[in-house]
Amino acid sequence: MSSKRPHKIATRVVTGGRKKEHTGSVVNVPVWRASTHLYEDVASLEAGKKSNSDGRFFYGRRGSPTQWALADALTAMEPGAAGTMLYPSGVAAISCALLSVLRPGDVLLMTDNVYDPSRSFADGFLKRFGVETRYFDPMTTDYSRLFCDKTRAILLEAPGSLTFEVQDVSAICAEAKKRGVVTLLDNTWATPYFFTALDKGVDITILAATKYIVGHSDVMLGSVTTHEKYWTRLRQTTQQLGQVVSPDDAYLAARGLRTLAVRMDAHEVSALTIAKWLQTRPDVEVVLHPALPECPGHAIWARDFTGSSGLFSFVLKGNKAKAAEFVDALDLFGIGYSWGGFESLALPVHPETCRSEVPWDIERSVIRLQIGLEDPDDLIADLDSAFRAIKAVD
Ligand SMILES: Cc1ncc(COP(=O)(O)O)c(C=O)c1O
């Protein structure tokens, strides 16, 4: 018996992209490794060229059922989406999404707390391409001052990298729409599980799928999902730039995706437990976690998000050297880039090196934590011993 009610997101995470014609009698879409797809005859080869459609064999660069299944599953998570393109990293997804909408002479707006490599792409490649990038305070409400006649697109990130301010995505998108400005969002922190972007007014939503979608710290991958208006040019730009993801990576990502809901729920509970424990510490100045009232933009998070993931920062009291000492004293937390996997990580981070509109006080020592799926009691014990270790060297 089937109901007409649309399925909830945890169900779509499990069912999305699993078409019988691709899975056959097994649960997961198998790995189809292919560059050449063989045709019955020249007429069918010519027909394939003409139709240029997704989800049909053509040539390896257009993918195979393994990549199509993952793309379809990600599309199913965003109500109103026309399709999803896949990329070999989150950075490739961000740069290709921007290139699909920008032309020389345009002005691009970027939130000041954007992921630093997005800033590098704008200040390096896009500048040479003739696009000027202007950064803005993520917490501004004076939206009318942001735009000019040449503003073509705006890249948002909520919460922002390293410092986690939550900007008002819906309000900014509404202003952008009035002016015909395209809105793009790096939605890696929340994923559509905690924040569906297109129904908040975002035109193009981007994931570093390397993080929570893959979830196991073993694949680099990016995705871009959009509605009908920008779909054709996103697809064309992606194809023209020769972007393609290996079927093995797509398989691992699809496999990771199926457990996204339970992982995100567990990341949320553990990260909040630890963030609240950190708030009680006399050696912590502030905890920057969107679900805590002291985080800038908390009220916006409470209004628009259905949950919080496992990544947040805290500011340690004392001088900068303390952050490195603290991280070195941890045992269960790994020291390494990335996040969104099952294991916990800690890093001293330096927002002062990647802010231009809202300068960050260089003296404040910030530690970013990725809370994995270990028992939070063990993680708290590890943090506690690191606090004791830095006290011991005072
Ligand atoms: C917010 C955010 N966006 C994008 C990326 C880039 O993803 P990738 O490392 O897959 O290129 C990262 C990576 O850390 C990130 O933190």
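For reference, positions follow the sequence shown, starting with 1. Remember, it's 1-based here, ligands and their atoms both numbered in the order they're listed.
For the pair R281 and F387, the cation sits on the ring face: its NZ or CZ lies under 6.0 Å from the ring centre, inside 45° of the axis.
Listed by chain and number, the residues in a salt bridge (Lys or Arg N to Asp or Glu O under 4.0 Å) with K19 are D72 (sequence neighbours excluded). Residues meeting the side chain to side chain contact (heavy atoms under 4.5 Å, CB included) test with A209, sequence neighbours left out: I213, L221.
Sorted by first and then second residue, the pairs that involve residues 209-232 and meet ring-ring contact (aromatic ring centres under 6.0 Å, His included), not counting sequence neighbours, are Y212-H267, Y212-W339, H216-F342, H227-Y230.
A donor atom on one side chain and an acceptor atom on the other are not found under 3.5 Å apart for W32 and T66.
For CZ of R233, the number of neighbouring non-hydrogen atoms (other residues, nucleotides, ligands) closer than 6.0 Å is greater than 12.
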Write out each pair where an N or O from ligand 1 and one from the protein are under 3.5 Å apart, with the distance.
unit_1	atom_1	unit_2	atom_2	d
ligand 1	3 (N)	D186	OD2	2.7
ligand 1	10 (O)	G90	N	2.8
ligand 1	10 (O)	T210	OG1	2.6
ligand 1	11 (O)	G90	N	3.1
ligand 1	11 (O)	V91	N	2.9
ligand 1	14 (O)	Y115	OH	3.3
ligand 1	14 (O)	K211	NZ	2.8
ligand 1	16 (O)	W339	NE1	3.0

